[in-house]
Colleague: 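Here's a structure for you.
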Amino acid sequence: MIQFIDLQTQYRLVQEEVEAAVLRVMRGGQYIMGPEVAELEAELSGFAGVKHTVSCASGTDALVMALMAKNIGPGDAVFTPPFTFVATAEAIATVGATPIFVDIDPGTFNIDPEALKLAILAVRRCDPSIYPVPRAGEIHVERLTCKAIIAVDLFGLTADYDRINAIAAEDGLLVIEDAAQSFGARAGSKRAGSLAEIGCTSFFPAKPLGCYGDGGALFTDDDELAALFRSIRVHGQGSDKYENVRIGITGRLDTIQAAALLAKLKIFEQELNDRERVALAYNAAIEREGLALQTPTLPQGQKSAWAQYSVLAADSAARERLMESLKQAGIPTSIYYPKPLHLQKAFAYLGYAAGDFAVSEAISGRVFSLPMHPYLDDATIISIVDAMKAAS
Ligand SMILES: *Cc1c(COP(=O)(O)O)cnc(C)c1O
């Protein structure tokens with residue numbers, strides 16, 4: 001039985017250590033903010049190459065906390081791609097700010113820096129002829145202030161932060177890296193999470209570094225921001241537990257999850273190597289068989305965390321045939337993401353229309369993901385690619 005993500009095989013590798021660590025927490029009684037939390041934060045800072053890591057309850061909370069710390073809210077425009085998991089844009093709406101969608105690069109599936117420039121200009125000048133902007137009755141683009149960009153490292157590949165940070169600097173915008181799918185990825189000598197002023201990640205079980213429930217973290221080199229994150233995480237707490245100096249949330253990571261993550265970090269580097277081995281084996285097998293599939297783009301100097309191995313079929317009909325033929329062979333697949341966010345009901349209030357983001361829309365119709373985890377062997381990878389031969 002081929003699994004899309006094999007968490008059981010992984011669990012067998014870390015079982016002894018995870019169970020011992022969790023049991024220590026249970027017996028020790030420090031379920032909230034026990035010593036494992038600070039220990040994990042120090043390890044993650046070393047790993048990601050940042051000064052501060054502040055763990056939190058989920059990747060979504062990390063994004064919300066980042067925006068809260070910067071006082072981003074009603075009247076503020078935050079630029080983000082529509083081809084991502086809903087949480088990215090949801091966090092913007094949660095704090096009352098307005099998501100402004102920006103199309104993606106057709107090769108990397110990450111935010112397109114040229115389109116970003118146009119979108120900022122379109123909001124600034126309030127001119128939809130430059131780039132599509134929200135145009136529903138309730139949104140007044142002329143009253144929006146451009147504040148931030150949340151770039152997403154989709155499927156594990158980091159976005160083009162050299163260009164994104166430069167564009168942001170010109171306009172005095174904050175950049176947040178949504179590294180929920182890319183923790184462990186590299187861009188040159190840097191790690192995902194460290195590529196913008198604030199990095200956010202998720203430890204949801206299916207992410208490259210997952211825990212056994214929900215979890216997340218924020219990364220920054222800024223001392224003041226880190227202190228703000230720590231305060232917001234516990235109800236805006238001041239220097240004393242019962243002094244409340246700002247509005248915050250219940251955003252802590254459970255001690256049990258921190259303990260489990262500390263154990264899992266020990267095999268994480270090996271897992272990243274194995275994910276890469278799997279991706280390269282897929283690439284080679286697909287090329288060898290001459291399948292009509294576009295394999296993932298990997299820009300020079302970048303190493304993906306391979307949260308997903310996603311390919312593009314020639315069109316929707318071809319995708320359907322390929323996925324059906326895999327299903328017949330007992331091989332699970334998935335579509336990330338079948339509908340870009342500007343066409344989702346939850347974001348209808350922005351007034352975007354079909355055709356606004358042509359690349360995201362076209363890719364949503366062609367993309368699908370094959371099984372991806374560190375424990376796929378070469379024979380299985382070949383059998384997966386073979387199962388697509390008849391339909392290609
Ligand atoms: C998973 C994910 C999130 C949210 O993380 P949770 O821990 O599930 O809240 C945010 N952004 C992206 C791109 C994700 O894939």
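All ligand and atom numbering here is 1-based and tracks the order in the structure.
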Colleague: Could you find the nearest protein heavy atom to atom 11 (N) of ligand 1 and give me its residue, atom name and distance?
Modeller: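 The answer is D178 OD2, 2.7 Å.
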
Colleague: Heavy-atom contacts with A87 under 4.0 Å: which atoms of ligand 1 show up? List them by number with element.
Modeller: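 Those atoms are 3 (C), 4 (C), 10 (C).
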
Colleague: Would S129 and D127 count as having a side-chain donor-acceptor pair, cut-off 3.5 Å?
Modeller: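 Checked: S129/D127 side chains pair up, N/O donor to acceptor below 3.5 Å.
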
Colleague: Say whether D153 and Y161, considering side chains only, have a donor N or O and an acceptor N or O under 3.5 Å apart.
Modeller: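 Yes, a side-chain donor-acceptor pair sits under 3.5 Å.
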
Colleague: Would K147 and F79 count as a cation-pi pair here, with the cationic atom under 6.0 angstrom from the ring centre and within 45° of the axis?
Modeller: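 Here K147 fails the 6.0 Å and 45° test against F79.
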
Colleague: Of all the atoms in ligand 1, which lie at a distance below 4.0 Å from a heavy atom belonging to F85?
Modeller: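 Those qualifying, in numeric order: 1 (C), 2 (C), 3 (C), 12 (C), 14 (C), 15 (O).
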
Colleague: Do the rings of F268 and F183 sit parallel, tilted or perpendicular, given the 30° and 60° boundaries?
Modeller: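 Aromatic pair F268/F183 classed parallel.
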
Colleague: With no hydrogens and no angle check, do the side chains of S383 and D386 hold a donor and an acceptor under 3.5 Å apart?
Modeller: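 Side-chain D/A pair, S383 to D386: absent.
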
Colleague: Could you list which atoms of ligand 1 come closer than 4.0 Å to a heavy atom of V152?
Modeller: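 In order of number, 13 (C).
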
Colleague: For the residue pair V175 and A168, what are the closest heavy atoms and their distance?
Modeller: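 Distance-wise, the nearest heavy atoms are CG2-CB, 3.3 Å.
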
Colleague: Checking the N or O distance criterion of under 3.5 Å, is ligand 1 in contact with G59?
Modeller: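 Between G59 and ligand 1 (N or O atoms, distance only) the closest approach is under 3.5 Å.
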
Colleague: Taking E269 as the fixed residue, which of K303, R275, R191, K264 is the one that meets the salt bridge (Lys or Arg N to Asp or Glu O under 4.0 Å) rule?
Modeller: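 For E269, the salt bridge (Lys or Arg N to Asp or Glu O under 4.0 Å) check succeeds only for R191.
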
Colleague: If the cut-off is 4.0 Å to any non-hydrogen atom of T84, which atoms of ligand 1 fall inside it?
Modeller: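 This gives 13 (C) as the contact atoms.
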
Colleague: Classify the contact between S58 and ligand 1 as side chain, backbone, both or neither, using a heavy-atom distance cut-off of under 4.0 Å.
Modeller: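 Within the 4.0 Å criterion, S58 contacts ligand 1 through backbone and side-chain atoms alike.
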
Colleague: Run the numbers for me: atoms of ligand 1, each under 4.0 Å from some heavy atom of Q181, listed by number.
Modeller: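 That gives atoms 13 (C), 14 (C), 15 (O) of ligand 1.
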
Colleague: Around atom 9 (O) of ligand 1, find the nearest protein heavy atom and jot down its residue, atom name and distance.
Modeller: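 Result: T60 OG1, 2.5 Å.
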
Colleague: Show me which atoms of ligand 1 lie under 4.0 Å from any heavy atom of T88.
Modeller: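 Listed by number with element, the hits are 11 (N), 13 (C).
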
Colleague: Could you identify the single nearest non-hydrogen protein atom to atom 1 (C) of ligand 1 and state the distance to 0.1 Å?
Modeller: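 Looking only at protein heavy atoms, the one closest to atom 1 (C) of ligand 1 is K207 NZ, 1.6 Å.
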
Colleague: Considering the heavy atoms of S202, write down every atom of ligand 1 situated less than 4.0 Å from one of them.
Modeller: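 Those atoms are 5 (O), 6 (P), 7 (O).
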
Colleague: Which pairs of donor and acceptor atoms, one on a side chain in residues 293-302, lie under 3.5 Å apart (sequence neighbours left out)?
Modeller:
{"from": "T297", "atom 1": "OG1", "to": "G107", "atom 2": "O", "distance (Å)": "3.1"}
{"from": "Q302", "atom 1": "NE2", "to": "T158", "atom 2": "O", "distance (Å)": "2.8"}
{"from": "Q302", "atom 1": "NE2", "to": "T158", "atom 2": "OG1", "distance (Å)": "2.9"}

